[in-house]
Structures are given as C-alpha cells and as structure tokens.
Asks: 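One structure follows; several queries about it will come next.
Please read all numbers here as calculations on a predicted model, not as lab measurements.
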Amino acid sequence: MFVLVVIISYYLDNMRKKVALALSCGGARGLAHIGVIKALEEDGYEISSIAGSSMGAVIGGFYAAGKLDLYIKWVSSLQRLDIFKLMDFTFSQQGFIKGEKVFKEMKTLIEDISIEDLPIPYVAVASDLANQQEVAFREGSLYHAMRASAAIPSIVQPVFYKDQYLVDGGVLNPVPVSQLKRNDDELLVVVNVNAPIPCQPGTDQLPAASALGRFEILLNKWGLSKKEQKHPVMKKLGFFETLSRSVDVMQDKMIDLTIKYYQPDVYVEVSRGACSTFEFEKANELIDLGKEAWKNATHSVATAPIEVNE
C-alpha cells in the first residue's frame, strides 16, 4: 500500500511539472518572457508546448529550438546605437521599418529550422488582414513564422505569404492560448506583457503613449531626434495615437475574455509601462522583471483564499 501511495504521489508531482505556455505580443517587453521561462526552469517545470504572438513567438521560437541562451547573450549585448542600426527604415505607407535586418542578424545565431522538427511543439500566430483571419504556423520556416508574427501594424512592414497579407499576431490573438494543443497533464501558464497595471516599485514607469508616440519618445531619449518632448502624453491625440490606443483598449478586452474563458493555472502579468516597444537595451532589466512577475503570480496563487461551497 505504501509503495502504491509513493508511486501515485510521484506521478501527480511530475504531472504538475509539465507546462503549456502562452506568450503574448509586446515588443521589447517580450524580453520579460525570458525571465518567466528561466523562473519556470529554476522551479523544476518542463515546458512541453508553447504558443506565441509577435515577440512571444520570437522568444518561444528560440526556446523551442533550444537556443534561447544564445539569444539572451546577443540581445543583452545590444546598446541603443546597435538597436537603431538594426532598424532598416524605409519610406512606405505599410510601415517605416522593413524588419528584415534584425531577422537576418538573428539568423547568425542559429540556422533556420522547420517548425515540425523542433523538439517542443510550437506555434506562432499571425493575422491575415485580407481574409480577416488568424494564421497559425505549425510547420515550415521558423524564421518566416516569427517574422510574420512580429510585423507590428504601421511600424514593421507586413509579410506576403501564399496570397496572405500577414501582420502581427497580436491584432487577432494577443495571447494565443487557443492555439495550444494542451494535454491533460499540463499546467496552463499565460504571460501577458501588455498588462494595464502599474509598474513594480523600483522600475521606471513609461507614461501612456501610442506605439508610434513611444517610438518618438525613444528617439528623443537616445538623442536621435531634435524635437524636445518632456511629456509624451499629447493634449490632443493625433491619428496614430488614437489608432494605437484604440488597439491597446481592444487587446485588453480580448485578453480579459481569453483569461476568463481558459482560466490559466498561473497568469503572469508585466506592466505595459515597463518600457517602450524598441527599448531592447533594457534586456537584463526586463528578464529580471519577468522572473519577479512569475514569483508574484505564483505567490498570489499559493496565497489565494480557498472558496468553500456552503
């Protein structure tokens, strides 16, 4: 009998160690996903399936390929000027950054690989504007999937693939829990780095602004723009500011519905104000922020009151 109890206990313990992981969009804030992944590993969890949107697809892709440490080493070495040099600006109504240069640089870290050959089940989500539908990459080129998923509308140029006009996965599925093929023995962990919550104490709070507005603020901060702007919140919103903030509100509602429907075992939140879309020079800080967010999320779960039905 004792042996049977030990076997059952061992089975249940290991069953709880497998994780189905959903990673949100979020630009540079997506580097916090790395911190969450590292914290999961340190706590003895095994990520057995992963789905990502935009930056979540990039981090998830490198992790699924077993090359996340290479990516961390590279991104942690980037300085502001390095990031600016990776922005292949162009005059286009579809987006002012081509987006090819940075992915070409990432290909020096690892060669392209077929998604179906990855050791961990992985899916990247993009949005097909022409057909108004979600596109899930479960096979084919990993880099192509990551590039399509990370095509931020109005900023990074879209990808044309099989008569599809593909942009950022966050447009239709900012936290792609629905694309996870989850097994019964997997915990569901969802990471949202666009949470409309205050920054944690001790971190800089980025004032509210649109994606394009934050990009302009960043150029000012880097000394690459002559325009002085002490306060990024404009008294009167322009076209892009109105559009971007509308998207933020829409994504917040979509994420709320997703969380309520799927009810993850652990829901990790990182503030949208943690950094701007392109502040990749904050890599180490953001990775640490992800680790702290994981601890806060698991602490909340552990200390949550138990509901008793009378």
Asks: Is there a donor-acceptor pair under 3.5 Å between the side chain of Asn183 and the backbone N or O of Asp185?
Replies: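 Not at all, since once roles are kept as given, no pair shorter than 3.5 Å links the two residues.
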
Asks: Taking NZ, NE, NH1 and NH2 as the nitrogens, is one of them in Arg138 or Asp117 under 4.0 Å from a carboxylate oxygen of the other?
Replies: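 Not counted as a salt bridge, because no side-chain N and carboxylate O are separated by less than 4.0 Å.
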
Asks: Starting from Ile152, can I reach Phe160 by hopping between I/L/V/M/F/W/Y residues whose side chains sit under 4.5 Å apart?
Replies: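 They do not share one cluster, since no chain of ILVMFWY contacts under 4.5 Å joins Phe160 to Ile152.
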
Asks: So does Lys253 get a backbone contact from the side chain of Asp256, meaning a donor-acceptor N/O pair under 3.5 Å?
Replies: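 No, Asp256 side chain to Lys253 backbone: no donor-acceptor pair under 3.5 Å.
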
Asks: Do Ser49 and Lys181 have side chains that get closer than 4.5 Å, going by heavy atoms?
Replies: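 Ser49 does not reach Lys181 side chain to side chain.
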
Asks: Which class fits the ring pair Tyr143 and Phe62: parallel under 30°, tilted 30 to 60°, perpendicular over 60°?
Replies: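 Judged by the thresholds at 30° and 60°, the geometry between Tyr143 and Phe62 is perpendicular.
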
Asks: State, yes or no, whether a side-chain contact exists between Leu86 and Ile83 at a heavy-atom distance under 4.5 Å.
Replies: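 The answer is no; the side chains never approach within 4.5 Å.
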
Asks: Answer with yes or no whether the hydrophobic clustering places Met55 together with Met146; edges join I, L, V, M, F, W, Y residues whose side-chain heavy atoms lie under 4.5 Å apart.
Replies: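 Yes, it is one cluster - the side chains of Met55 and Met146 are joined through contacts under 4.5 Å.
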
Asks: Are the side chain of Lys101 and the backbone of Lys85 linked by a donor-acceptor contact shorter than 3.5 Å?
Replies: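 Flag set: sc Lys101 to bb Lys85 pair under 3.5 Å.
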
Asks: Would you say Asp88's side chain and Ile97's backbone share a donor-acceptor pair under 3.5 angstrom?
Replies: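 Checked: no pair found.
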
Asks: Does one side chain, of Asn192 or Tyr267, offer a donor that lies under 3.5 Å from an acceptor on the other?
Replies: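 Yes.
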
Asks: Quick one: closest heavy-atom pair of Ser54 and Ala150, and the distance?
Replies: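 Looks like OG-CA, 3.7 Å.
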
Asks: Check whether Tyr45 forms a cation-pi arrangement with Lys17 (NZ or CZ under 6.0 Å from the six-membered ring centre, at most 45° off the ring normal).
Replies: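 Flagged: Lys17 positioned over aromatic ring of Tyr45.
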
Asks: Can you name the nearest heavy-atom pair linking Ser53 to Gly169, along with the distance?
Replies: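 Closest approach of Ser53 to Gly169: OG-C, 3.0 Å.
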
Asks: Salt bridge (Lys or Arg N to Asp or Glu O under 4.0 Å) between Arg182 and Asp265: does it pass, once the steps are laid out?
Replies: CA-CA 13 Å; Arg182 183 186 175 197; Asp265 296 293; 3.1 Å; yes

Asks: Check whether any side-chain heavy atom of Val171 sits under 4.5 Å from a side-chain heavy atom of Pro153, and report yes or no.
Replies: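 Yes; the side chains approach each other to less than 4.5 Å.
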
Asks: Between Glu279 and Arg29, does any NZ, NE, NH1 or NH2 come within less than 4.0 Å of an OD or OE carboxylate oxygen?
Replies: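 Salt bridge between Arg29 and Glu279, a charged N being under 4.0 Å from a carboxylate O: no.
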
Asks: Salt-bridged, Arg80 to Glu281, with N to O below 4.0 Å?
Replies: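 The answer is yes: the pair qualifies as a salt bridge.
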
Asks: Are Val175 and Val167 in one and the same hydrophobic cluster, where Ile, Leu, Val, Met, Phe, Trp and Tyr link if side-chain heavy atoms are under 4.5 Å apart?
Replies: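 Cluster IDs for Val175 and Val167 differ.
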
Asks: Only one of Asp248, Val125, Ile255 forms a side chain to side chain contact (heavy atoms under 4.5 Å, CB included) with Pro174, so which one is it?
Replies: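 The option that passes is Ile255.
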
Asks: Measure the acute angle between the ring planes of Phe84 and Phe89, then classify it against the limits of 30° and 60° as parallel, tilted or perpendicular.
Replies: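 Rings of Phe84 and Phe89: tilted, 30 to 60°.
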
Asks: Less than 3.5 Å apart, any donor N or O on the side chain of Asn173 or Glu134 sitting next to an acceptor on the other?
Replies: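 A pair is found: one side chain offers a donor N or O, the other an acceptor, under 3.5 Å apart.
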
Asks: Is any side-chain heavy atom of Cys275 closer than 4.5 Å to one of Leu286?
Replies: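 Yes, side chains in contact.
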
Asks: Does any part of the side chain of Lys67, heavy atoms only, come nearer than 4.5 Å to the side chain of Met106, both counted from C-beta?
Replies: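 No - every pair of side-chain heavy atoms lies 4.5 Å or more apart.
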
Asks: Taking the side chain from Asp128 and the backbone from Leu166, do they hold a donor-acceptor pair closer than 3.5 Å?
Replies: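 No, because the side chain of Asp128 does not come within donor-acceptor range (under 3.5 Å) of the backbone of Leu166.
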
Asks: Is the shortest heavy-atom distance from the side chain of Asp168 to the side chain of Ser127 under 4.5 Å?
Replies: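 When only atoms from C-beta onward are counted, Ser127 and Asp168 do not touch, as no gap falls below 4.5 Å.
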
Asks: When you measure from the side chain of Asn194 to the backbone of Cys25, do you find a donor-acceptor pair of N or O atoms at a distance under 3.5 Å?
Replies: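 Pair found, side chain donor or acceptor close to backbone of Cys25.
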
Asks: How close do Pro158 and Arg147 get, counting heavy atoms only, and between which atoms?
Replies: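 So the two residues come closest at O-NH2, 4.2 Å.
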
Asks: Taking Ile197's backbone N and O only, do any of them form a donor-acceptor pair with Ser271's side chain (distance below 3.5 Å, no angle check)?
Replies: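 Yes: the side chain of Ser271 pairs with the backbone of Ile197.
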
Asks: Hydrophobic clustering (ILVMFWY, side-chain heavy atoms < 4.5 Å, transitive) - are Leu172 and Val190 grouped together?
Replies: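 No; Leu172 is not reachable from Val190 via cluster members.
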
Asks: Can you check whether Val193's main-chain N or O pairs, donor with acceptor, with Ser24's side chain at less than 3.5 Å?
Replies: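 A pair under 3.5 Å: yes.
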
Asks: Are Thr108 and Trp74 close enough that some pair of their side-chain heavy atoms sits under 4.5 Å apart?
Replies: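 The answer is no, as the side chains (C-beta and beyond) never meet within the 4.5 Å cut-off.
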
Asks: Taking the side chain as C-beta and beyond, is there a heavy-atom pair between Val266 and Val268 under 4.5 Å?
Replies: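 Val266 vs Val268: side chains touch.
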
Asks: If you measure only the distance, is there a donor-acceptor pair under 3.5 Å linking the side chains of Gln179 and Tyr122?
Replies: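 Checked: Gln179/Tyr122 side chains show no N/O donor-acceptor pair below 3.5 Å.
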
Asks: Could you check, using the six-membered ring where one of them is a Trp, whether Phe91 and Phe96 have ring centers closer than 6.0 angstrom?
Replies: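 No, the ring of Phe91 stays outside the 6.0 Å limit from the ring of Phe96, centre to centre.
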
Asks: Check this for me: Gln133, atom CD, are more than 12 non-hydrogen atoms of other residues, nucleotides or ligands nearer than 6.0 Å?
Replies: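 Atom CD in Gln133 is crowded, with more than 12 foreign heavy atoms closer than 6.0 Å.
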
Asks: Between Ile50 and Tyr63, which heavy-atom pair has the shortest distance, and what is it?
Replies: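 The answer is CD1-CD2, 4.5 Å.
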
